[in-house]
Participant: 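Have a look at the structure that comes next, please.
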Number of protein chains: 2
Amino acid sequence: MDETAPDVENEQCDDLLDTIRRGRPAAGQDPVKRSQIIDGARRVFIDKGFEAASMNDITREAGVSKGTIYVYFANKEELFEALIEEERGTIFKNMYDVLDHADDLRKTLVKFGKVLAFKITSAKVIQAQRTVIGACDRLPELGARFFERGPKRGHDKLMVFLNAAIERGMLRIDDVDLAAYQFTDLCLAGLFRQCIFAYRTKAPSQEEVDHIVSSGVSVFLKAYGTESLAAEESHQMIALEAKR
Amino acid sequence: MDETAPDVENEQCDDLLDTIRRGRPAAGQDPVKRSQIIDGARRVFIDKGFEAASMNDITREAGVSKGTIYVYFANKEELFEALIEEERGTIFKNMYDVLDHADDLRKTLVKFGKVLAFKITSAKVIQAQRTVIGACDRLPELGARFFERGPKRGHDKLMVFLNAAIERGMLRIDDVDLAAYQFTDLCLAGLFRQCIFAYRTKAPSQEEVDHIVSSGVSVFLKAYGTESLAAEESHQMIALEAKR
DNA sequence: GAGCAATCGAACCGCTTGGTTCGAATTATT
DNA sequence: AATAATTCGAACCAAGCGGTTCGATTGCTC
């Protein structure tokens, strides 16, 4: 690290002290203004892509002067990275909660699959992903970070869930890591590639997603479900028919 | 159509006649020069993306004067589209031949899956796909066309193959269209999204692809294989063990 | 070797880019 | 009301953009 460079963390600390002392955010520290800028940036970046988006567009869209933007963000790349970081957070937040209150295995998988498929193929998320993908030749670490802290983190949570199901004797899986990827891709079955290349004006319909996911879960369970899962399910079936 | 505009097709025809008559390509008709331009364009577009690539870069890289480029292509977009059109052709050409000389079902599916996974996740193809994805907000029809004439066409061939296997009583599938997507995505199992966001410097190893594909085919056949497939496979197994 | 046409290469156009600067206006604390 | 500092807005910069033009050059055909 460059020894002559000012220590960023101390600087921020000083700014924070200033804020407390004077009851007013220091330059480039007001979170409201910051959001305002990022909100404008989001609209511009996402529908123009990184390269085509101009700082002047963002200025206009955010209703903030150019000078101010450069107080909050050193340059275009830094602004973009901050935006994507936030975007990633909101996209993947709570996406995997379904896995925590598990009841029936099949039902849980279907519920999870639907949430996943819907989120990942929604217009907003597809556009955001396109923007990241388009920029990730120029900013290689951005794409890697996006994947690592987004999809990958969810993948890990899914693995934990699958391992628990294995423990309970409901699944038999050799390579859980691979199986988790297979499950995710079964739930998306063509949707992701189709959407990312040719988003069909509107998102896939509820019915379409339902059909794909329930079929995907069936395939997954036929491959990895154990006899005791089958027994439990037929037991439920009988109970259901008895009720009828 | 604009009646005053010269008829493009007749113009090309005249040019062709000129070529034959004079033994020399007409302006903007020399296929060698055309390739030379596209080759340069490929290098620039693919590693800079559509927006960031400049016509001057391409001029330099192709070793062709700017004026000449504009004789062959009306503008940047047209050049880019021509490039992608060619790229799509070379990527997907022969990719589905494996399906034509079918012998053993599982073996054929594995062979096909490997070809698919390798192609789609190779460095060159990933970069090309990124470029298309990055540009497809600005050129929406390009992405749609790419998908339609590339992945979609292969998908259709796979459906034909699956239908034949159903006819032979080896598979039992309700929704063949969906099943074909499931198969493709089972063979890629996470690879595509992983590569497109965070290409890990080198392509997935042969072993990795082998593992993923053979596992994917197993899942697929457990879900959709019939008893007669199982019978045939166990029959082969017995023959194999007898030989040992 | 004469004639012709495609290619070259450089200059040029108007425009936009990311980024910078600075005095004026605004805002909140004291 | 005085003070201090953030924000504004507009002008400004050099650079690069896609695209065009045109005379010089090259290389082929006859």
Participant: Once you round to the nearest 0.5 Å, how far does CD1 of B:Ile69 lie from CD1 of B:Ile38?
Facilitator: 10.5 Å
Participant: Report all interatomic pairs (protein N or O, nucleotide N or O of nucleotides 20-24 of chain C) with separations under 3.5 Å.
Facilitator:
none

Participant: Going by heavy atoms closer than 4.0 Å, what residues in residues 75-87 of chain A are next to DNA chain C?
Facilitator: A:Asn75, A:Lys76
Participant: Starting from P on D:dG16, measure out to CD on B:Glu51 and report it in whole angstrom.
Facilitator: 18 Å
Participant: Taking the minimum atom-to-atom distance to the side chain of B:Val64, which one of C:dC8, D:dT7, C:dT17 wins?
Facilitator: C:dC8
Participant: Rounding to a whole Å, what distance do you find between B:Gln36:CD and C:dT7:P?
Facilitator: 10 Å
Participant: Could you tell me how far apart A:Arg34 (CZ) and D:dT7 (C1') are, to the nearest whole angstrom?
Facilitator: 17 Å
Participant: Taking NZ from B:Lys33 and P from D:dG27, how many angstroms apart are they, rounded to a whole number?
Facilitator: 10 Å
Participant: Of the nucleotides D:dT7, C:dT7, D:dG19, which has the atom closest to the B:Met55 side chain?
Facilitator: D:dG19
Participant: If I take atom CD1 in residue B:Ile58 and atom P in nucleotide D:dG16, what distance separates them, rounded to the nearest angstrom?
Facilitator: 17 Å
Participant: Please confirm whether the shortest side-chain N or O distance from B:Tyr72 to OP1 or OP2 of C:dT7 is below 4.0 Å.
Facilitator: yes
Participant: Give a yes or no on whether the backbone of A:Leu186 and the side-chain of B:Gln182 come within a donor-acceptor separation of less than 3.5 Å.
Facilitator: no
Participant: By the 4.0 Å heavy-atom rule, please label B:Ala53 as base, sugar-phosphate, or nothing.
Facilitator: sugar-phosphate
Participant: Nearest whole angstrom, please: distance from the P of D:dC8 to the CZ of A:Arg60.
Facilitator: 16 Å
Participant: Mind checking side-chain contact (heavy atoms from CB on, under 4.5 Å) for A:Cys187 and listing every partner two or more places apart, or none if nothing turns up?
Facilitator: A:Leu116, A:Phe183, A:Val213
Participant: Over 60° means perpendicular and under 30° means parallel, so tell me whether B:Phe192 and A:Phe192 are parallel, tilted or perpendicular.
Facilitator: perpendicular
Participant: Is there a side-chain polar atom (N or O) of B:Asn56 under 4.0 Å from OP1 or OP2 of D:dG16?
Facilitator: no
Participant: Taking only the side-chain heavy atoms of B:Ser54 (C-beta and beyond), determine which of D:dC17, C:dT17, D:dT7 contains the nearest atom.
Facilitator: D:dC17
Participant: Go through C:dT7, C:dT17, D:dT7 for me and flag the one nearest to the B:Thr68 side chain.
Facilitator: C:dT7
Participant: Among pairs that include at least one residue of residues 116-132 of chain A, which meet side-chain hydrogen bond (donor to acceptor under 3.5 Å, both in side chains), considering only residues two or more places apart or in two chains?
Facilitator: A:Arg130-B:Asp137
Participant: Applying side-chain hydrogen bond (donor to acceptor under 3.5 Å, both in side chains) as the test, list every pair that has at least one member in residues 48-58 of chain A; sequence neighbours left out.
Facilitator: A:Lys48-A:Asp57, A:Glu51-A:Arg138, A:Ser54-A:Asp57, A:Asn56-A:Lys66, A:Asp57-A:Arg60
Participant: Is the closest side-chain heavy-atom distance between A:Val132 and A:Arg88 below 4.5 Å?
Facilitator: no
Participant: Show every donor-acceptor pair shorter than 3.5 Å between a side-chain atom in residues 142-153 of chain A and any protein atom, with sequence neighbours excluded, or say none if there are none.
Facilitator:
from     : atom 1 : to      : atom 2 : distance (Å)
A:Arg145 : NH2    : A:Glu81 : OE1    : 2.5
A:Arg149 : NH1    : A:Glu85 : OE2    : 2.7

Participant: Can you check the A:Phe50 CZ to C:dT17 C1' distance for me, whole Å?
Facilitator: 12 Å
Participant: Any heavy-atom pair between the side chains of A:Tyr199 and A:Pro204 that's under 4.5 Å?
Facilitator: yes
